[in-house]
There are 4 protein chains.
Amino acid sequence: MPLPRTGPVRSEAARAAILAATAELFAERGYEHLTIEGVAQRAGVGKQTIYRWWRSKGALVAECLMEGRLFGDRLAVPDTGDVRADLEAWLRTVLTLVDAERGLVLSLLGAAAEHAEVAERLDASLTFSASIADRLEAGTGTTANLRPGVAARLADALIGAVVLRALSRQPSADDDAAAMLDALLGPATR
Amino acid sequence: MPLPRTGPVRSEAARAAILAATAELFAERGYEHLTIEGVAQRAGVGKQTIYRWWRSKGALVAECLMEGRLFGDRLAVPDTGDVRADLEAWLRTVLTLVDAERGLVLSLLGAAAEHAEVAERLDASLTFSASIADRLEAGTGTTANLRPGVAARLADALIGAVVLRALSRQPSADDDAAAMLDALLGPATR
Amino acid sequence: MPLPRTGPVRSEAARAAILAATAELFAERGYEHLTIEGVAQRAGVGKQTIYRWWRSKGALVAECLMEGRLFGDRLAVPDTGDVRADLEAWLRTVLTLVDAERGLVLSLLGAAAEHAEVAERLDASLTFSASIADRLEAGTGTTANLRPGVAARLADALIGAVVLRALSRQPSADDDAAAMLDALLGPATR
Amino acid sequence: MPLPRTGPVRSEAARAAILAATAELFAERGYEHLTIEGVAQRAGVGKQTIYRWWRSKGALVAECLMEGRLFGDRLAVPDTGDVRADLEAWLRTVLTLVDAERGLVLSLLGAAAEHAEVAERLDASLTFSASIADRLEAGTGTTANLRPGVAARLADALIGAVVLRALSRQPSADDDAAAMLDALLGPATR
DNA sequence: AGGTAATCGAGACGGTACGTCGCGTCTTTGA
DNA sequence: TCAAAGACGCGACGTACCGTCTCGATTACCT
């Protein structure tokens, strides 16, 4: 299905097709086996059109990530008012995701290791847009170890633990989310 | 009772040369740009000799890691009796290492994302052989958040935070090690 | 089916197995795709045992040829007393053989082009052992062009024409044998 | 009506360089030791560019042959009006060539045995473009055995005899050309 | 009878070349 | 002017065989 030739303005259709193809192929084959040529073919686009607008396959993946084409909003933190419960729900979701789509997640970690751009976007997806640190901040004082000034570091540790879990390829048990939060945050103070 | 396989035996010289070449090239160029062909050439060995004994470049790197050819004992945890001080010293060393050899570390993370073998060995290098969890266990009760049963999860979180730091490409400040420990372990109880 | 170890005398069983395997594989795959390793495996023999006794795969094939393992006695010239009829019968047989086993014949020509040894043996199979020249000699005077002293050259031309036919991959018609003889030897004089 | 294929067009420079390199290397090392890799290197060309346009090294050699890059016009039959003399001159030239460049000739025979394409081109070079049969046809009646309808078969026999001579690796004597013609064509009739 | 030496199967070794894939650049043609 | 198509030089892939070289086991001969 050839795209219509659009003349001297950047073709939005081409851009969309490229990102869609990238997301599909990433999900199918993983970052390692994602190829520019494959994307071009799947998108019905010339290779040059990709190289014209993106510097590397890392940049391509980063843009997919930024547009939510890889995870959608599956990483959003719920907001019910109860910080601890919200975090636990989120963590449970994330651990499930890591188990279910380990290949995709590992691929993404590989991409992040290779390309700063991906890492940046991944970080944004997890930390900022998901607001872990903000929520922890908001919960200061509600659990023993959630003291002023440590929220950001605890957020890093939490996400880091998830990353490590992904790397280790070990499936998560049902109560892992709760146990991780317990270990990091300590018992509830009220 | 060993199998009565006849014929020539595996050449230890070749094995050593291959692992040495792998370690060198990994340090020089990183995992991504490490090639089997390059290793074979540097080691003065036929490619087939590599493929005969290792399934992938990941396996090669994993074996290097296991033999300490990539980091040596730079990841060992000191043991002075003071758990908190030991961990802080170790963490400081590791953060410095991550800053100084970010490329190597990121490469290794990429390798771990791609090959379970590498991840396993990396995990072994960091967690078990470096005994973070054991030391935390030993320190139970000496700091506020170091309660019974949480040592393993705190160790994961700690190492995870380091991994995340590596991925984020942000250099560490001087007091980061102390701050991370403080955030995770809480204030000293005695 | 491992062969018995025979000690410090050449194993006749190994020799036979090697030649048999060579003939089989030659027939199956042709000279070009015949490999020493394949022969060794099929024969259940170590490669060294082949290299010990033959210098090249050409030598191997030459020996097969010499032992009649490739064509048997399909190249023998019948002897009924009527030289012209005998030659025609032989030629017909050979042309049929060339058509039916073109691959084998071409392979053999390739081998002869590469290895003098094969060429020599092939020549022996065709010319001497098949005695074309002798028979022509015997027929001197019975046909117009069969004059004294030209038998050897006519034999060469005859066989050469067959070789050319094989190389050209063109199937022979039924009367080709007769026509070739007619062209070369001229009409019968009595 | 040519297919409306868009995109870049075949590089004539690459084609020429590849054929030139093939001819050089064929002459230097022979068909057997001619490698695609070597041709690519010598021609300053990627291997893929060769594989894109030729199916095998046989096809490569065939095309060289067709373009006269291997023998040039050394195989042309002179035309002085005297058929017998022309053929003898040509035959003498060819036998000399076979002696002087036996390796090349044998290589070519090997190639012809392996690849129909080469054989076809070789046949074209020798028989049609060199017009042996035509000349024989023209000489019908001038020698005893040159009767109507046998020219083509005599041409085959003549060339076949040369091929056999090449395969046998025996050098030609000075009067071989004359003797071969005498044997095949019979004495002159006028 | 014991030691020596050659042969055997097996197969690891350093190499060369294979034919394929994908890279990133460049060129052509059509809209 | 931009886009599709895709040829190009290049580098690496993983495989097939090459011919050489151990291995340990197995005999025949020769002290």
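This one's a predicted model, so the numbers in the text were calculated from it and none came from an experiment. Each chain gets a letter, A, B and so on, in the order the sequences are listed, and its residues count up from 1.
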> Can you tell which of C:Arg29, C:Arg42, C:Arg69 makes a side-chain hydrogen bond (donor to acceptor under 3.5 Å, both in side chains) with C:Glu24?
Replying inline: C:Arg42
>> Please determine whether side-chain contact (heavy atoms from CB on, under 4.5 Å) holds for the pair C:Trp53 and C:Arg15, giving the CA-CA distance in whole Å, both sets of side-chain angles, and the decisive distance to 0.1 Å.
In response: CA-CA 9 Å; C:Trp53 302 110; C:Arg15 196 189 93 99; over 6 Å; no
> D:Lys57 side chain to D:Thr22 main-chain N or O, any donor-acceptor pair under 3.5 Å?
Replying inline: no
> Got a donor-acceptor contact below 3.5 angstrom from the A:Arg121 side chain to the A:Ala119 backbone?
Replying inline: no
What integer distance in Å separates [X]:[atom1] from [N]:[atom2]?
| X | N | atom1 | atom2 | result |
| --- | --- | --- | --- | --- |
| C:Ile50 | E:dA10 | CD1 | P | 12 Å |
| A:Trp54 | E:dT25 | CH2 | P | 16 Å |
| A:Ile18 | F:dA3 | CD1 | C1' | 10 Å |
| D:Arg10 | F:dC8 | CZ | P | 7 Å |
| A:Tyr51 | E:dT27 | OH | P | 17 Å |

> Got a sec, which residues hit side chain to side chain donor-acceptor pair (under 3.5 Å) with C:Glu32, two or more places apart in sequence or on another chain?
Replying inline: none
>> Parallel, tilted or perpendicular: which one describes the rings of B:Phe26 and B:Tyr31, with boundaries at 30° and 60°?
In response: tilted
>> Let's go through C:Leu122 and C:Leu65 carefully: what are the C-alpha distance in whole Å and the side-chain angles of both, what is the deciding distance for side-chain contact (heavy atoms from CB on, under 4.5 Å) to 0.1 Å, and is it a yes or a no?
In response: CA-CA 7 Å; C:Leu122 186 54; C:Leu65 201 53; 3.9 Å; yes
Using only side-chain N and O atoms of [X], determine if any of them is under 4.0 Å from OP1 or OP2 of [N].
| X | N | value |
| --- | --- | --- |
| A:Thr49 | F:dA4 | yes |
| A:Arg52 | F:dC2 | no |
| B:Trp53 | E:dC13 | yes |

> Is a donor-acceptor pair below 3.5 Å formed from side chain A:Lys47 to base E:dG24, judging by atom type as modelled?
Replying inline: yes
> So, for B:Leu19 and B:Cys64, which heavy atoms are closest and what is the spacing to 0.1 Å?
Replying inline: O-SG, 3.4 Å
> DNA chain F: C:Lys57 or B:Arg55, which has the more 5' nearest nucleotide?
Replying inline: B:Arg55
>> Quick check on the helix from E:dA1-F:dT31 to E:dA31-F:dT1: what's the angle between its two end axes, five base pairs per end, to the nearest 10°?
In response: 10°
>> Could you walk me through whether B:Asp123 and B:Glu120 satisfy the side-chain contact (heavy atoms from CB on, under 4.5 Å) test, starting with their C-alpha distance in whole Å, then the side-chain angles of each, then the deciding distance to 0.1 Å, before giving a yes or no?
In response: CA-CA 5 Å; B:Asp123 202 41; B:Glu120 209 174 311; 5.7 Å; no
>> Closest-nucleotide mapping onto DNA chain E: is B:Glu12 or C:Gln48 further toward the 5' terminus? I mean the 5' end.
In response: C:Gln48
>> Under 4.0 Å, heavy atom to any atom of DNA chain E: which of residues 19-42 of chain B qualify?
In response: none
